[in-house]
Colleague: 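Supplied in structure tokens, the structure appears directly below.
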Amino acid sequence: APRTVLISGCSSGIGLELAVQLAHDPRQRYQVVATMRDLGKKGALEAAAGEALGQTLAVAQLDVCSDESVAQCLSCIQGGEVDVLVNNAGVGLVGPLEGLSLAAMQNVFDTNFFGAVRLVRAVLPGMKKRRKGHIVVVSSVMGLQGVVFNEVYAASKFALEGFFESLAVQLLQFNIFITLVEPGPVVTDFEGKLLEQVSTADFPDTDPDTLHYFRDFYLPASRELFRSVGQSPQDVAQVIVKVISSPRPPLRRQTNARYTPLAALKAVDPSGSLYVRTSHRLLFRWTRFLNLGLRCLACGCLRIRIWPR
Ligand code: NAD
């Protein structure tokens with residue numbers, strides 16, 4: 001029988017692509033419940049799903065921040081059984097810490113961390129009873145190492161990494177697997193929404209030096225990173241499809257080979273200094289190159305450029 005896959009955050013980006021790819025599985029191994037907070041935004045998903053809609057793909061409402069919405073969604077799934085849960089819904093938050101509200105920070109944790117916890121708690125009893133299941137979490141390379149001006153977002157992904165690594169030990173006993181998928185930059189609405197947020201925000205209480213570093217160093221560097229090593233949501237979805245079809249899924253899976261050198265810095269130097277110093281150089285030196293018009297990372301050759309000289 002096909003496995004029921006429940007995915008959060010399918011109105012756009014990685015969630016939408018994943019839902020469509022699974023629903024079009026040539027062997028029809030999946031019954032996809034593609035969920036989104038606002039059903040008014042289901043047009044793009046339905047168009048991409050094509051004839052899979054109503055066959056191997058159903059669209060349902062689900063706000064990961066609401067207990068009622070989660071209960072309502074699960075009650076509509078036949079038999080209430082979810083074989084694979086994909087925690088994909090997420091929001092970003094970028095900017096100087098002094099200029100961000102605590103409410104905005106709490107929203108990041110409510111969505112990215114507690115949203116996933118809420119869903120897992122809801123599907124886990126069934127998975128445990130059936131002694132099988134797979135929980136996939138769309139984390140980020142920012143769940144492995146911090147990134148400047150993304151402190152709260154990175155913290156929410158670190159929280160997911162710690163939570164699910166801990167849970168994975170117990171769940172092996174129930175034949176339930178956990179996979180943390182860690183994309184680098186992905187070219188989706190995510191970055192667009194963030195930049196929009198940033199361009200309208202005035203970051204009160206932030207000193208001029210910090211604002212200068214954020215606007216004139218971080219923002220251009222971030223745009224360039226997305227441009228040079230950004231992956232498509234299709235590519236990330238493909239990696240997740242592979243993970244879901246694997247008989248022994250890994251605990252962690254990065255998706256972007258061009259980002260690996262950066263992600264490896266922590267393992268190379270457990271003291272953390274190499275990563276912090278390299279990120280610092282990358283931000284402040286590379287941006288200077290960029291301002292001079294020497295787009296040294298334009299070819300994506302992170303591999304040689306990031307190493308401190
Ligand atoms: P996206 O903005 O297109 O997708 C995020 C989805 O989550 C949206 O559809 C949004 O509506 C949904 N969402 C937000 N709050 C929700 C809520 N309360 N309930 C239900 N859905 C909600 O961006 P994306 O890049 O496809 O992001 C998907 C996941 O990938 C996120 O968890 C994000 O943190 C992660 N990620 C993204 C990148 C990137 O560079 N884009 C990199 C690494 C990880």
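Because the structure is predicted, anything quoted here is derived from the model rather than measured. First listed ligand is number 1; within each ligand, the first listed atom is number 1. Excluded from the calculations below are hydrogen atoms, water molecules and symmetry mates; all remaining heavy atoms, backbone and side chain alike, are included.
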Colleague: Taking the non-hydrogen atoms of Ser139, is any one of them nearer than 4.0 angstrom to ligand 1?
Modeller: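 Distance cut 4.0 Å: Ser139 passes for ligand 1.
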Colleague: Can you list the steps and then say if Glu182 with Arg252 is a salt bridge (Lys or Arg N to Asp or Glu O under 4.0 Å)?
Modeller: CA-CA 7 Å; Glu182 293 139 349; Arg252 291 200 165 84; 3.3 Å; yes
Colleague: Could you check whether any heavy atom of Gly184 sits closer than 4.0 Å to an atom of ligand 1, since that is the contact criterion I want to use?
Modeller: yes
Colleague: What residue and heavy atom of the protein are closest to atom 25 (O) of ligand 1, and at what distance?
Modeller: Thr188 OG1, 2.7 Å
Colleague: Suppose we measure from atom 1 (P) of ligand 1 to each protein heavy atom; which comes out shortest, and what is that distance?
Modeller: Ser12 OG, 3.6 Å
Colleague: Starting from atom 12 (C) of ligand 1, locate the nearest protein heavy atom and write down its residue, its atom name and how far away it is, to 0.1 Å.
Modeller: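 Looking only at protein heavy atoms, the one closest to atom 12 (C) of ligand 1 is Gly9 CA, 3.9 Å.
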Colleague: Tell me, which protein residue and heavy-atom name are nearest atom 36 (N) of ligand 1, and how many Å apart are they?
Modeller: Tyr153 OH, 3.7 Å
Colleague: Non-hydrogen atoms of Pro185 versus ligand 1: any pair closer than 4.0 Å?
Modeller: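 Checking ligand 1 against Pro185, which is what was asked, there is a heavy-atom contact under 4.0 Å.
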Colleague: When you measure from atom 27 (O) of ligand 1 to every protein heavy atom, which one gives the shortest distance, and what is it?
Modeller: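 Going atom by atom, the protein heavy atom closest to atom 27 (O) of ligand 1 ends up being Phe190 CD1, 3.8 Å.
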Colleague: Can you confirm whether the side chains of Gln61 and Ser69 place a donor and an acceptor under 3.5 Å from each other?
Modeller: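 Looking only at side-chain atoms, Ser69 and Gln61 do form a donor-acceptor pair, the distance falling under 3.5 Å.
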Colleague: What do you reckon, does Val64 have a nitrogen or oxygen under 3.5 Å from a nitrogen or oxygen of ligand 1?
Modeller: yes
Colleague: So, does Asp110 use its side chain to make a donor-acceptor pair with the main chain of Val108 at under 3.5 Å?
Modeller: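 Answer holds: no.
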Colleague: Is Lys157 near ligand 1, meaning one of its heavy atoms is under 4.0 Å from it?
Modeller: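 Yes; Lys157 lies near enough to ligand 1 that a heavy-atom distance drops under 4.0 Å.
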Colleague: Please answer whether the main-chain N or O of Ala49 pairs with a side-chain N or O of His24 as donor and acceptor at a distance below 3.5 Å.
Modeller: yes
Colleague: Which residue and atom name correspond to the protein heavy atom nearest atom 16 (C) of ligand 1, and how close is it?
Modeller: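 Nearest neighbour among protein heavy atoms for atom 16 (C) of ligand 1, to 0.1 Å: Arg37 CZ, 3.7 Å.
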Colleague: Assess Cys65 for proximity to ligand 1: is some non-hydrogen atom of it under 4.0 Å away?
Modeller: yes
Colleague: Look at the side-chain heavy atoms of Ile, Leu, Val, Met, Phe, Trp and Tyr, link any pair under 4.5 Å apart, and say whether Val186 and Val229 land in one connected group.
Modeller: no
Colleague: My understanding is that we take every heavy atom of each candidate and find the minimum distance to atom 29 (C) of ligand 1. Doing that for Asn88, Val141, Thr35, Leu45, which one comes out nearest?
Modeller: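 Minimum heavy-atom distance to atom 29 (C) of ligand 1 goes to Asn88.
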Colleague: Looking at every non-hydrogen atom in both residues, tell me the closest pair between Phe203 and Val198 and how far apart they are.
Modeller: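 Phe203 and Val198 have their closest heavy atoms at CE1-O, 4.0 Å.
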Colleague: Considering both backbone and side-chain atoms of Thr111, is one of its nitrogen or oxygen atoms within less than 3.5 Å of a nitrogen or oxygen in ligand 1?
Modeller: no
Colleague: What atoms of ligand 1 come closer than 4.0 angstrom to any heavy atom of Ser140?
Modeller: 43 (C), 44 (C)
Colleague: Checking Arg227 side chain against Arg223 main chain: does a donor-acceptor pair fall under 3.5 Å?
Modeller: no
Colleague: Suppose I only count heavy atoms of Leu62 and a 4.0 Å limit; which atoms of ligand 1 are within that range?
Modeller: 19 (N), 20 (C)
Colleague: Would you tell me whether Gln170 and Lys128 have side-chain atoms, one donor and one acceptor, within less than 3.5 Å of each other?
Modeller: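 The criterion, which ignores hydrogens and geometry beyond distance, is satisfied for Lys128 and Gln170.
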Colleague: How close does the nearest protein non-hydrogen atom get to atom 21 (N) of ligand 1, and which residue and atom is it?
Modeller: Ala89 CB, 3.4 Å
Colleague: Check each atom of ligand 1 against the heavy atoms of Ser11 and keep those under 4.0 Å away; list them by number with element.
Modeller: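 Counting from 1, the qualifying ligand atoms are 9 (O), 11 (O).
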Colleague: Would you tell me which option among Gly90, Ala116, Pro183 has the nearest heavy-atom contact to atom 5 (C) of ligand 1?
Modeller: Gly90
Colleague: Where does the angle between the aromatic ring planes of Phe217 and Phe284 fall among parallel (under 30°), tilted (30 to 60°) and perpendicular (over 60°)?
Modeller: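 Correct class here is tilted.
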Colleague: Can you tell me which residue and heavy atom of the protein come closest to atom 10 (C) of ligand 1, and the distance to 0.1 Å?
Modeller: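 Going atom by atom, the protein heavy atom closest to atom 10 (C) of ligand 1 ends up being Lys193 NZ, 4.3 Å.
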Colleague: Are side-chain N/O atoms of Ser156 and Asn112 paired as donor and acceptor at under 3.5 Å?
Modeller: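 There is such a pair between these side chains.
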Colleague: Is the closest heavy-atom distance from Pro233 to ligand 1 below 4.0 Å?
Modeller: no
Colleague: Decide whether Tyr213 and Asp207 meet the rule of one side-chain donor and one side-chain acceptor closer than 3.5 Å.
Modeller: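 Judged by distance alone, the side chains do not pair up.
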Colleague: Please check: side-chain N/O of Asn88 versus main-chain N/O of Val138, any donor-acceptor pairing under 3.5 Å?
Modeller: no
Colleague: Any donor-acceptor pair under 3.5 Å linking the side chain of Asn175 with the backbone of Arg131?
Modeller: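 Yes, the answer is positive, given that a donor and an acceptor are paired below the 3.5 Å cut-off.
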Colleague: Could you check whether Gln231 and Thr255, counting side-chain N and O atoms only, form a donor-acceptor pair closer than 3.5 Å?
Modeller: yes
Colleague: If the cut-off is 4.0 Å to any non-hydrogen atom of Val138, which atoms of ligand 1 fall inside it?
Modeller: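 Checking each atom against Val138, I get 29 (C), 30 (O), 32 (O), 35 (C).
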Colleague: Under a 4.0 angstrom heavy-atom cut-off, which atoms of ligand 1 come close to Asp63?
Modeller: 17 (C), 18 (N), 19 (N)
